[in-house]
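Per chain, numbering begins at 1; letters A, B, ... match sequence-line order. Everything numeric here is computed off the predicted structure, so don't read it as measured data.
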There are 2 protein chains.
Amino acid sequence: MLERVHLMIIREVDRQGSLTAAAHALHLTQSALSHAVRKIERQLGTPIWDREGRGLRLTQAGHDLLALANRLLPQFEHAEARMSQYAQGRRGTLRIGMECHPCYQWLRKVVAPYLAGWPDVDVDVKQRFQFGGIGALLGYDIDVLVTPDPLQKPGLHFAPVFDYEQVLIVARTHPLASVAFVRPEQLADETLISYPVDPHRLDLYNRFLTPAGIVPKRHKVIETTDIIVQMVASGRGVAALPLWLADEHADRMALVPLRLGEEGMAKQIFIGTREADGEIDYLRAFIALARQGQTDPGGVGSGERPPKC
Amino acid sequence: MLERVHLMIIREVDRQGSLTAAAHALHLTQSALSHAVRKIERQLGTPIWDREGRGLRLTQAGHDLLALANRLLPQFEHAEARMSQYAQGRRGTLRIGMECHPCYQWLRKVVAPYLAGWPDVDVDVKQRFQFGGIGALLGYDIDVLVTPDPLQKPGLHFAPVFDYEQVLIVARTHPLASVAFVRPEQLADETLISYPVDPHRLDLYNRFLTPAGIVPKRHKVIETTDIIVQMVASGRGVAALPLWLADEHADRMALVPLRLGEEGMAKQIFIGTREADGEIDYLRAFIALARQGQTDPGGVGSGERPPKC
DNA sequence: TACCTCTATGAATCTTTCTCATTGATTGAT
DNA sequence: ATCAATCAATGAGAAAGATTCATAGAGGTA
């Protein structure tokens, strides 16, 4: 029978490149591994590796098993970690996925009181997903997804947590700095700075530039909000940010937030969960706390600013 | 270490309701199971069941593990099945997911030549998905998804396979039978028959009725195309079908296909795969064959009708 | 060719798992 | 209340399985 060990062997051989090295990594002798491999290959009836001289190369079957290992082993590991948390009296870990770069600051304001209110629950935040946030949610890599794209799917549930306005930030010395609002055409000759996200997922394109048939002169990609803000302040480009984030930085930097279009660009952040998890109390509590910010400005975090912004 | 056996035990105890019964189902003695359970609980540091008199009830930790078991065990089983196919010289099983009821007839015309061309590949078709077709694709429950909703996600790839026109079918005796095309208002007093799908996913609502603010008088749900057609022919309601399917039945039944709106309702069917599977030859071949129908009417199936319809 | 490195294999040993036999506890029926 | 039936727990011995040691074979390299 195909066992967890076998998957571990396959994964380790792939990582280390040889049976001998994998054996050491697994704290076994080379002989033990060889025996184990021989046995499982005989049981499955198909080789996992082609022996090429002194080396191995995965067969088609082996590739399948490696993919299986990479999918299943993390789940085993996570389950064990969770069990050991239960063992220590802790409730579990709430794994939060973020598909919304600038929401990080907002999240911190939700997580702080949550950790205080649920001392036996840990929180983990992930930001990179092989199959996107929805995939991570469906694949049980995360328990909660913070995203601007709610995407109704069976088995999932999305709830809005807050509304905000997306604005363009420019340096105070920028020619556009004094306009009442920005038109798409006015960006045709600008350098746009954004997070490293597929442009098709940026609302600045979807809802502003593309409908007007405009493409900015250049598009730079930067990971961190702080650097983006500094780049903009130094006049090297413009960027789209939530108004509340822009305001926070505008205090300290030479920045001006500009309305995108005459009406402004309204956005919403949603929080997604699996319907199957509907009864997990500490998860419900998190969502309740997150949504609370929407209607009760003082409820989340420092209270220095309404979370609705 | 948490092993596959443990998950099997947990699943089986849940299915059978008792350790003793589970033991028999697993071809073990009750004693063996008891020992195994005791050991894994000691290793994990947390009980999996609360002992209630002579019975067991899952703890929170146990529920987690049961969920894990239900997620992982099928994947082990599928992998083993695939290995045994490799062992027999077969290439594997192409698991096709269908999110498009009436496409079934089309699929048969693609599958027939595919099976002939790839004698060492099996085909399996699934139509029910816990997390929807996309979830099934991401969760490796299927390898190919046939769907009208392409839904671009990272890690997935969608390709259009054919276009068709969605029409309304009514009985030949129906008052609407002679109109040039149907307006939304004309359905306000009708009984609509559809497949059992969430109305929000029916384009008849999304693109026709809802924009006009119309709701049909009744909405009946039926599983099989044949029965739907018979119900319509007998004057008990109207239904939306692909034109080519409607035509097929119109030959034999007293049916009339009607254009939906002045322009008609154009639809497209897509075929989705995981990008990671891009190099699997028999999968590429399937997609190639499926798309072929789009441009080469004689290429798929009986040739009695252009697959584009 | 000599040498190094990697995998394969047989036999012995050690570890784990399973069964048997038995006990204690709970439930339902008489 | 007692008896019978059912279920889980446990200890000891048996069976099965995994690991190691020692060694051979094979491919690549200097």
Side-chain angles (χ1 to χ4, degrees), chain A residues 1-63 65-66 69 73 76 80 83, chain B residues 1-59 61-63 65-66 69 73 76 80 83 87:
Chain A
M1 200 171 59
L2 191 59
E3 291 285 350
R4 179 177 176 184
V5 217
H6 302 129
L7 298 184
M8 293 177 68
I9 291 173
I10 292 166
R11 180 175 67 174
E12 206 59 41
V13 170
D14 185 65
R15 285 180 177 169
Q16 307 283 339
S18 84
L19 261 190
T20 310
H24 286 113
L26 295 169
H27 306 294
L28 289 174
T29 59
Q30 173 268 322
S31 173
L33 263 208
S34 184
H35 280 295
V37 164
R38 178 185 156 81
K39 186 173 176 190
I40 186 62
E41 284 187 330
R42 200 165 40 74
Q43 277 183 12
L44 293 177
T46 176
I48 296 172
W49 292 277
D50 281 329
R51 274 65 175 176
E52 297 217 324
R54 63 180 181 182
L56 308 175
R57 213 187 44 229
L58 282 170
T59 59
Q60 173 74 36
H63 269 110
L65 291 180
L66 178 60
L73 292 178
F76 274 106
E80 279 176 338
M83 291 303 116
Chain B
M1 199 171 60
L2 191 58
E3 290 285 353
R4 179 177 175 183
V5 217
H6 301 128
L7 298 183
M8 292 178 69
I9 292 173
I10 291 166
R11 179 176 69 174
E12 207 57 42
V13 169
D14 185 65
R15 284 180 177 170
Q16 307 284 339
S18 83
L19 262 190
T20 310
H24 286 110
L26 295 169
H27 307 292
L28 289 175
T29 59
Q30 172 268 321
S31 173
L33 262 207
S34 185
H35 281 295
V37 164
R38 178 186 157 80
K39 185 174 176 191
I40 186 63
E41 285 187 329
R42 201 165 40 74
Q43 275 183 13
L44 293 177
T46 176
I48 296 172
W49 292 278
D50 282 328
R51 274 63 174 179
E52 299 216 323
R54 65 177 180 183
L56 308 174
R57 212 187 46 229
L58 281 169
T59 60
H63 269 111
L65 291 179
L66 178 60
L73 292 178
F76 273 107
E80 279 176 338
M83 291 302 117

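Regarding Leu19(B), its CG atom lies at a distance of 14 Å from the P atom of dT19(C), rounded to whole Å. The interatomic distance linking Ile48(B) (CD1) with dA8(D) (P) rounds to 14 Å, in whole Å. Atom CG in Leu28(B) sits about 18 Å away from atom P in dT16(C), given to the nearest Å. Summarising the geometry, the separation between CG on Leu33(A) and P on dG17(D) is reported as 19 Å, rounded to the nearest angstrom. The CG-P distance, from Leu56(B) to dA8(D), rounds to 5 Å in whole Å. In this structure, the CG atom of Leu26(A) is 15 Å from the P atom of dA18(D), given to the nearest Å. Per the geometry, NE2 belonging to His24(A) stands 14 Å off C1' belonging to dT19(D), to the nearest Å. Between Asp50(A) atom CG and dA8(C) atom P the separation is 12 Å, expressed in whole Å.
Judged by distance alone, with hydrogens and angles left aside, the side-chain atoms of Glu3(A) form no donor-acceptor pair with the main-chain N or O of Glu3(B) at under 3.5 Å.
Residues Met1(B) and Ile40(B) approach most closely at O-CD1, 4.2 Å, considering heavy atoms. Closest heavy-atom contact between Pro47(B) and Ala61(B): O-CB, 4.0 Å. Counting all heavy atoms, side chain and backbone alike, Ala21(B) lies closest to Gln16(B) at CB-CB, 3.6 Å.
Side-chain to base pairing of Ser31(B) with dC18(C): no donor and acceptor N or O lie closer than 3.5 Å to each other.
The residue among Ser18(B) and His35(B) whose nearest nucleotide of DNA chain D is located toward the 5' end is Ser18(B).
Taking side-chain N and O atoms only, Lys39(B) has no distance below 4.0 Å to OP1 or OP2 of dT16(C). For Thr20(B), a side-chain nitrogen or oxygen approaches OP1 or OP2 of dA8(D) to under 4.0 Å. OP1 and OP2 of dT7(C) both lie 4.0 Å or more from every side-chain N or O belonging to Arg38(A). Between Arg51(A) and dC6(C), a side-chain N or O to OP1/OP2 separation shorter than 4.0 Å is absent.
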Give the C-alpha distance, both sets of side-chain angles, the deciding distance and a yes or no for side chain to side chain contact (heavy atoms under 4.5 Å, CB included) between Arg51(A) and Leu56(A). CA-CA 5 Å; Arg51(A) 274 65 175 176; Leu56(A) 308 175; 4.1 Å; yes

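Residue contacts for Ser34(B): at a heavy-atom cut-off of 4.0 Å it reaches a base atom on one of the strands shown.
Of the listed nucleotides (dG17(D), dT19(D), dA8(C)), dA8(C) has the atom at the smallest distance from the side chain of Gln30(A).
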